[in-house]
Amino acid sequence: MFCTTYSVAAQCAMCKAVVENGDVSMAEGVNNGITYLMVFPYLLVGVLLFVIYRYKKKAKI
């Protein structure tokens, strides 16, 4: 169940309306904004896991 992928073509109503009424550059801007907002939670979780790893490694010594 967790190893399968599903093709999803869903957007929020506002994003869909902006992309449908705009031009290509506006659609690229929306996609870049979504990517920008998506990256930071992953970075924060990665930094948190790295800090925990370093803390546990230091505590072993």
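Computation of the quantities below employed the complete heavy-atom set of this structure, encompassing side-chain atoms and omitting hydrogens, waters and symmetry-equivalent molecules.
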Problem - Worked verdict on Leu44 versus Leu48 for side chain to side chain contact (heavy atoms under 4.5 Å, CB included) - result: CA-CA 6 Å; Leu44 290 173; Leu48 178 67; over 6 Å; no
Handout entry: Approximate separation, where rounding is to 0.5 Å, of Tyr53 OH and Lys58 NZ
Key = 14.0 Å
Fill in the blank from the handout: To the nearest 0.5 Å, atom CZ of Arg54 lies from atom CG of Leu49 at 14.5 Å
Handout entry: Cluster check Tyr36, Val39: I/L/V/M/F/W/Y, side chain < 4.5 angstrom
Key = yes
Practice task
Measure the CD1-NZ distance between Ile52 and Lys57 for me, rounded to the nearest 0.5 Å.
Solution key: 15.5 Å
Handout entry: Spatial distance of atom CE (Met38) from atom CG (Leu43) [nearest 0.5 Å]
Key = 10.5 Å
